[in-house]
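So the structure is just underneath, and the comments pick up after that.
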Amino acid sequence: MLKINALHKSYAIGESSLHVLKGIDLSVETGEMVAIMGSSGSGKSTLLNIIGMLDVADSGDYILDGLPIEALTEKKAAVYRNKFLGFIFQSFNLINYKNALENVALPLYYQGLNRKKRQELALFHLEKVGLTNWSGHLPKELSGGQKQRVAIARALAANPKLLLADEPTGALDTKTSHEIMAFIQQLNDEGKTILMVTHEEDIAGMCKRIVRLRDGVIIEDKKVNQVRASQYV
Amino acid sequence: MFDADLWREIIQSINKNRTRSLLSGFTIAFAILLFTILFGVANGLQNTFNATFADDAINLISIYTGRTSKANNGLQAGRRIRLKNEDFDYIEKEFDTKIQHITGRVNRSVQASFGVETNSYPLRAVHPEHQFLEKTIMLKGRYINQNDIVNRTKVAVIGRLVEEDLFLDKDPIGAYISLNKVPYRVVGVFRDDGGDNEERIVYTPVSTAQRIYGNNEYLNQIKIGYDPKMDYNEALAFGNTLKGKLKKRFNVAKNDQRAVRVRNRAEAARNANLISVSLSIIILVIGLGTLIAGIVGISNIMIFIVKERTKEIGIRKALGASPKSIVTIILTETIVITAIAGYIGLLIGVAVLKLATPILEDYFIKDPGVSNTLVLGATMSLILAGAIAGYIPAKKASKIKPIIALRND
């Protein structure tokens with residue numbers, strides 16, 4: 001599904017440069033649910049951004065679903081993001097003047113589907129996250145958990161191969177966090193590959209595999225026994 | 001090329017971000033409003049100016065005579081100099097190549113009556129070419145012609161207001177009016193841009209007047225339209241030569257300023273032209289200035305809008321928006337707002353000018369207004385400017401890295 005080899009990334013900070021990723025090797029199989037952990041500055045978000053094609057590595061190989069991802073033009077990166085990847089952010093990143101349904105339909109717009117098809121698919125995914133009745137509401141009229149569920153529906157709408165989540169529960173209270181995690185686990189059960197960045201141990205424990213980063217290198221990569229979030233709900 | 005989805009996106013974006021849209025719309029509407037009003041007023045000034053100088057031909061030289069103020073060649077001062085037909089013939093022959101039109105003129109005041117209506121008017125007895133020098137515009141019938149001069153016919157060409165005064169609703173052409181009790185056949189009615197006084201005048205053939213008023217060959221003045229191909233300096237030189245030759249002809253001292261007077265329009269024309277050109281430059285500067293202010297305004301707002309939308313653009317890009325689609329959406333939005341707001345500003349501006357026209361006329365601003373072409377041009381250039389002003393930030397926005405845009409705040 002995903003294969004990374006000797007990935008390096010540094011950022012220029014004034015005169016000096018900060019070496020953030022110092023040779024990452026990682027491979028993820030279809031159907032896995034991986035937590036990338038690490039303290040702030042460990043490079044976990046940078047890694048996720050490179051996987052998400054939101055950022056480019058300095059060197060190293062990255063193969064996604066058999067496609068080598070390198071030297072992409074902006075246009076091509078946009079197409080790949082749209083086709084392969086679904087994003088879930090800590091701060092939801094919904095477009096505030098669009099209602100729930102329109103937010104979910106947006107990736108489909110960029111896929112070039114017609115309006116009727118978009119509405120249909122968006123409604124289907126909203127139903128999946130249990131927000132059918134909220135389709136006409138603007139983000140500001142939704143609770144944090146609801147917003148994240150809209151964001152998940154949006155990430156799922158384009159039927160991506162890989163779901164990337166950056167601290168998906170970071171802005172939520174414990175109860176809502178568990179609800180969202182239960183939902184993400186359910187998606188994984190249905191076969192979606194999921195990669196998430198978190199710094200919360202209990203959230204990481206709800207994944208099937210934990211990759212720990214420190215100072216730009218992987219210090220631990222182990223499979224864990226998944227804790228089901230549904231037991232807390 | 002009509003993309004319903006794109007337009008839906010744009011209309012939603014404009015509609016849901018009303019403050020932003022109104023703010024940018026207001027700037028543009030205001031710029032166009034100012035442009036229209038300033039340009040209109042400046043145009044009005046130019047109209048007033050043109051109207052003031054539109055009365056007579058600008059390539060005009062008038063010759064008058066008076067009494068000599070200095071003794072010359074044994075002749076005493078105080079001698080009366082009078083222009084005659086032979087002087088007219090002399091000038092016409094001597095300066096043939098430099099003269100476009102020439103006319104003699106006899107001035108009288110006459111009591112004109114038709115039926116019971118009577119009034120007194122200035123009479124100008126002229127040659128046919130007087131029409132071009134005075135810029136007389138015929139409304140009905142004809143002007144004095146050469147046949148009238150040769151046959152000393154008793155025909156009259158009357159001003160529009162003379163017709164109004166004497167003929168009321170009757171057709172004057174072919175009717176006989178009496179001028180100081182002598183019947184003349186009316187052959188034409190004219191109008192003149194020089195104002196009401198210029199339209200209360202009666203023209204008759206110069207030869208007829210000379211026969212009737214004293215049976216002499218005297219002329220009150222001779223008017224010449226010099227060849228318009230001459231530049232100002234040539235025209236001034238021509239005037240001076242003319243003056244010199246006439247002084248010699250009448251045996252007048254060279255430094256005698258009263259006996260032979262030559263008034264040359266060339267000098268006034270040069271000044272008038274200068275003012276006209278400066279007015280045009282001022283108008284141009286005003287127009288360009290307002291447009292540039294408008295363009296700067298739009299640019300600022302576009303930069304602000306793109307900044308405000310950075311996050312949205314990041315989200316869109318993360319969801320698979322191509323850079324081109326980002327540029328398209330921002331640019332189209334700008335153009336739509338610019339076009340609509342520009343049009344509104346224009347309508348208000350034109351309305352204000354229309355309403356203010358009567359007031360402005362008191363301040364010597366005539367027919368303030370902007371031509372359709374100019375208005376269209378201004379709107380187009382603002383739309384174009386909006387597009388350019390929008391394009392640079394839009395292009396920049398399309399290059400925003402989604403991770404920067406999406407960084408948690």
Side-chain angles (χ1 to χ4, degrees), chain A residues 11 40 45-46 48-56 73-99 102-118 138-139 151 154-155 157-158 160 164 166-167 170-171, chain B residues 1-24 305-330 332-333 336-337 394-409:
Chain A
Y11 289 111
S40 86
S45 287
T46 305
L48 194 79
N49 286 333
I50 290 172
I51 293 171
M53 286 180 246
L54 298 176
D55 203 351
V56 210
T73 61
E74 281 262 16
K75 202 173 146 193
K76 205 135 193 199
V79 173
Y80 281 11
R81 276 200 290 271
N82 185 268
K83 238 161 102 181
F84 295 132
L85 304 168
F87 292 94
I88 303 167
F89 303 96
Q90 179 178 357
S91 52
F92 324 124
N93 282 334
L94 300 175
I95 291 177
N96 55 23
Y97 63 84
K98 286 182 179 289
N99 65 30
E102 289 163 343
N103 262 293
V104 175
L106 200 56
L108 302 169
Y109 168 67
Y110 288 118
Q111 273 186 347
L113 294 183
N114 69 41
R115 188 170 154 79
K116 200 168 157 243
K117 190 97 186 146
R118 294 201 305 261
L138 291 174
R154 183 177 67 182
L164 299 172
D166 190 357
E167 305 268 11
Chain B
M1 267 307 284
F2 186 80
D3 184 346
D5 283 326
L6 176 70
W7 286 99
R8 206 173 279 120
E9 279 284 311
I10 287 160
I11 288 162
Q12 187 185 38
S13 166
I14 292 176
N15 209 18
K16 293 287 172 71
N17 301 284
R18 287 227 179 105
T19 326
R20 188 174 78 197
S21 311
L22 281 178
L23 198 72
S24 38
I305 285 178
V306 167
K307 194 125 204 143
E308 197 202 51
R309 294 181 80 169
T310 302
K311 185 145 191 156
E312 181 195 331
I313 292 163
I315 297 168
R316 285 177 183 271
K317 289 190 87 176
L319 296 179
S322 65
K324 201 180 131 207
S325 80
I326 300 282
V327 172
T328 309
I329 201 165
I330 291 181
T332 321
E333 203 181 308
V336 167
I337 291 178
K395 188 82 198 162
K396 237 180 190 164
S398 78
K399 286 192 177 135
I400 291 173
K401 277 194 180 158
I403 65 157
I404 291 167
L406 295 176
R407 202 161 273 164
N408 296 336
D409 17 85

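Per chain, numbering begins at 1; letters A, B, ... match sequence-line order.
Interatomic distance, B/R18 CZ to A/Y97 OH, rounded to the nearest 0.5 Å: 14.0 Å. Taking CD from B/E312 and CG from A/N96, the interatomic distance works out to 7.5 Å, rounded to the nearest 0.5 Å. Taking CG from A/N103 and CD1 from B/I315, the interatomic distance works out to 7.5 Å, rounded to the nearest 0.5 Å.
Using modelled atom types and a 3.5 Å distance limit, the side chains of A/Y109 and B/E9 yield no donor-acceptor pair.
Residues passing the side chain to side chain donor-acceptor pair (under 3.5 Å) test with B/R8, sequence neighbours excluded: B/D5.
The shortest distance between side-chain heavy atoms of A/I95 and B/R316 falls below 4.5 Å. Looking at A/K98 and B/Q12, their side chains come closer than 4.5 Å, going by heavy atoms from C-beta outward.
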task: Start with the C-alpha distance between B/I326 and A/E74, add both sets of side-chain angles, then the distance that settles side chain to side chain contact (heavy atoms under 4.5 Å, CB included), and finish with yes or no.
output: CA-CA 12 Å; B/I326 300 282; A/E74 281 262 16; over 6 Å; no

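Taking each heavy atom of B/G320 and A/Y110 in turn, the nearest pair found is O-CB, 3.7 Å. Between A/F89 and B/A318, the shortest heavy-atom distance links the atoms CZ-CB, 4.3 Å. Nearest heavy atom pair, residue B/L319 against residue A/N82, reads O-ND2, 2.7 Å.
Heavy atoms of A/L94 lying under 4.5 Å from chain B belong exclusively to its backbone. With a 4.5 angstrom heavy-atom cutoff, A/E102 touches chain B only via side-chain atoms. Heavy atoms closer than 4.5 Å to chain A are found in both the backbone and the side chain of B/S13.
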